[in-house]
Amino acid sequence: MQMEEATVRQLVKDAESLAGKEVLLRGWIRNNRDQKAFGFIALNDGTHFNSIQVVYEQEYLSNFEEVARLGVGSAISVSGCLALTPEAKQPFEIKASKIVVEGESPGDYPIQPKQHSREFLREVAHLRPRTNLFTAVFRVRSLLAFAVHRFFQERGFIYLHTPIITANDAEGAGELFRVTTLDPLNPPLNEEEKVDFSRDFFGRKTNLTVSGQLEAEAFVLAFRKVYTFGPTFRAENSNTPRHAAEFWMIEPEIAFADLNDNMNLAEEMVRYLITYLLDNAAVEMEFFNRFVEKGLLERLEKLASADFARITYSEAIKLLGRAKEKFVYPVSWGSDLQTEHERYLTEKALGKPVFVTDYPADIKAFYMRLNDDGKTVAAVDLLVPGVGEIIGGSQREERVAVLKQRMGVFNINPQDLWWYTDLRRFGGVKHAGFGLGFERVIMYFTGVNNIRDVIPFPRTVNSCDF
RNA sequence: UCCUCAGUAGCUCAAUGGCAGAGCGACCGGCUGUUAACCGGUAGGUUGCAGGUUCGAGUCCUGCCUGGGGAGCCA
């Protein structure tokens, strides 16, 4: 008789009613402890953070010896009876009547039933999803991605796929990855003996996108509310726990909206995501709270209920000027906030997430709307304790004349972005948006403090393994 | 890119300039309810790489490589 296959997720949910029933499970061994005539296997079947204890006995298994020798990492199918064990560490276990070895794992399997360093696990990135930490991290990553879509879809946003390959060279958001089919050893040359990109695949210089914002602005003037959620590429030589060459960014854009609407959206979104996680990943969050960052849950619950702070850049400068803290970098109006300043603001002065708005125009991008004072732009950064900047956004400059003047200041030829200025000519309205670093949100919500540990196969400077 | 710390067994780490070790893992054996099981035994090393100082270098010096942390850039 073919037994119906069960999952650990189902068992956890319906343990009471399934007690005494025969079930079939398939999964991977996390730990195997054999004794003379019986043994215990911690089995993880991938459907739940928790592993299930399988009890096997010589008396009931024809292949007891084989099972007892199975190493960590081996794959098996288990048929057995679900037994409630209220007095034990685990609420229930499986008494095996049959175990089929699906795939053995020899003694050089690198993952042991103990704590490994994150650095070591990065070197075995193909196996690390079989550890508790990465099981939890990538479950949360998946849940958060879904929550992002749900948040926007519930509010009538259109999900927009902006191009991965672009010819936009104008935004200045960091170094670009060139996309080319030219032979690097023998490229075609023009009359000036320089590489002739007109003979490249697209007939021009192209690169991987550093942001979908400009394209999102085109769509927001048709759909009113749009968001992008996709990979982004920066060829920066950044060596920090917060930067990757390939990461995912969420970029909502809203029309008929100003900077305040923008912040309201950002705040509502961050809160929504936290609440979603606490409601849907309780086991994983409890794990992070215990083993990754003590007090994480308390911090997030507080975050979900308290308002974020909002201060202008000029207020922030005053606040920093009055601080007793000794800063390495001087605080002065006109220069960008240093990491130590941002940390002081969000961690010490205010002790919660803070929107800093209205930065000096000189240190922000050309597309940000010039304020009436002529000195600042309607920009906003969201700073959070521990991680720093997770959101950067602005109200966009919708006035053609001002936009062109600002392009001039930044040495951008308006012809190169003719379509972008066109958007202002034809029914342009005030609009705003922001970019949210998806990985930084995961870091912030899980306490995992290195971006390389929240990306399945991270790409960073000098590292593109797997 | 700059500053800083580190690199010793598969993993986590010890070793005053003087015999290269432990715990875990692996392998072999024991154990009637374990749960990072426990107990006994065995194997396992070009001390990141290349030079140098020294009677003698894992240890000191120089360069390089790799990794962590900090800074810049940013999400």
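Here is the naming used below: chain letters follow the sequence lines, and residue numbers restart at 1 for every chain. Heavy atoms only: backbone and side chains are in, while hydrogens, waters and symmetry mates are out.
- Across residues 98-114 of chain A, A:G107, A:Q112, A:P113, A:K114 each have a non-hydrogen atom less than 4.0 Å from an atom of RNA chain B (numbered order).
- Between the side chain of A:H243 and the base of B:rC74, at least one donor-acceptor pair of N or O atoms lies under 3.5 Å.
- Across all strands, A:E439 comes closer than 4.0 Å to no nucleic acid atom at all (heavy-atom distances).
- One interatomic measurement links the two molecules: CG of A:L337 to C1' of B:rC74, which rounds to 14 Å at whole-angstrom precision.
- As rounded to the nearest Å, B:rA6 and B:rG48 have P atoms that lie 13 Å from one another.
- Taking atom P on both B:rC60 and B:rG7, the two are 10 Å apart, rounded to the nearest angstrom.
- Taking atom C1' in both B:rC49 and B:rA57, one finds a spacing of 16 Å when rounded to whole Å.
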Set out, line by line, the N/O atom pairs under 3.5 Å between protein and nucleotides 66-71 of chain B.
from   : atom 1 : to     : atom 2 : distance (Å)
B:rG68 : OP1    : A:R122 : NH1    : 2.7
B:rG69 : OP1    : A:N450 : ND2    : 3.3
B:rA71 : O2'    : A:Y329 : OH     : 3.1

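- A:E340 contributes a side-chain N or O that, together with a main-chain N or O of A:Y329, makes up a donor-acceptor pair within less than 3.5 Å.
- If you take CD1 of A:I363 and C1' of B:rC73, they are 13 Å apart, rounded to a whole angstrom.
- Distance noted for atom P between B:rG21 and B:rA15: 15 Å (whole Å).
- For the P atoms, the distance linking B:rG51 with B:rC39 amounts to 45 Å, nearest Å.
- The nearest whole Å value for the distance from the CD atom in A:E175 to the C1' atom in B:rU1 is 12 Å.
- In this view, A:S117 satisfies the side-chain hydrogen bond (donor to acceptor under 3.5 Å, both in side chains) rule with no residue, not counting sequence neighbours.
- Of the nucleotides present, B:rA71 is the one that pairs with B:rU1 by Watson-Crick or G-U wobble criteria, both distances under 3.5 Å.
- Here the side chains of A:I250 and A:F152 are in contact, with some heavy-atom distance below 4.5 Å.
- Residues meeting the side-chain hydrogen bond (donor to acceptor under 3.5 Å, both in side chains) test with A:T240, sequence neighbours left out: A:H243.
- Under the Watson-Crick or G-U wobble criterion, with both distances below 3.5 Å, B:rG17 is left unpaired in every strand shown.
- For the pair A:L127 CG and B:rG25 C1', the computed distance is 15 Å after rounding to whole Å.
- Below 30°, between 30° and 60°, or above 60°: for A:F134 and A:F138 the angle between ring planes is below 30°, a parallel geometry.
- Note on ring orientation: taking the six-membered ring where Trp is involved, the planes of A:F287 and A:F49 are tilted (angle from 30° to 60°).
- One can place CZ of A:F438 at 18 Å from C1' of B:rC74, the figure rounded to the nearest angstrom.
- At least one side-chain heavy atom of A:L127 sits under 4.5 Å from a side-chain heavy atom of A:P110.
- If you check B:rA6 for Watson-Crick or wobble pairing at under 3.5 angstrom, you find it paired to B:rU66.
- For the pair A:D45 (side chain) and A:V8 (backbone), a donor-acceptor distance under 3.5 Å is present.
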For nucleotides 28-33 of chain B, 5' to 3', base contacts (B), sugar-phosphate-only contacts (S) and non-contacts (-) with protein non-hydrogen atoms under 4.0 Å give ---BSB

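- Here A:N50 pairs with nothing under the side-chain hydrogen bond (donor to acceptor under 3.5 Å, both in side chains) rule; sequence neighbours left out.
- A donor-acceptor pair is defined here as one N or O able to donate and one able to accept, closer than 3.5 Å; no such pair exists between the side chain of A:E246 and the backbone of A:F233.
- The aromatic rings of A:Y56 and A:F64 sit tilted relative to each other, their planes meeting at an angle between 30° and 60°.
- Shown here, B:rA22 forms a base pair with B:rU12; the pair counts as Watson-Crick or G-U wobble because both key distances fall under 3.5 Å.
- As rounded to whole Å, 14 Å separates atom C1' of B:rC74 from atom CZ of A:F177.
- Taking atom C1' in both B:rU32 and B:rA36, one finds a spacing of 22 Å when rounded to whole Å.
- The shortest side-chain heavy-atom distance between A:H48 and A:V283 falls under the 4.5 Å cut-off.
- Distance CD1 (A:I451) to C1' (B:rA75): 8 Å, rounded to an integer number of Å.
- Because its NZ or CZ atom is both nearer than 6.0 Å to the ring centre of A:F308 and within 45° of the ring axis, A:R271 counts as a cation-pi partner of that residue.
- Rounded to whole Å, the separation between the C1' atoms of B:rC73 and B:rC2 comes to 13 Å.
- At least one donor-acceptor pair closer than 3.5 Å links the side chain of A:K352 to the backbone N or O of A:D307.
- In this structure, A:K364 places its NZ atom 9 Å from C1' of B:rC74, rounding to the nearest Å.
- For B:rC38, the paired base is B:rG30 (Watson-Crick or G-U wobble, both distances below 3.5 Å).
- Centre separation under 5.5 Å together with a plane angle under 30° holds for the ring of A:F247 and the six-membered base ring of B:rA75, marking them as stacked.
- Partner assigned to B:rG44 is none, using Watson-Crick or G-U wobble distances below 3.5 angstrom.
- As rounded to the nearest Å, B:rG45 and B:rA20 have C1' atoms that lie 8 Å from one another.
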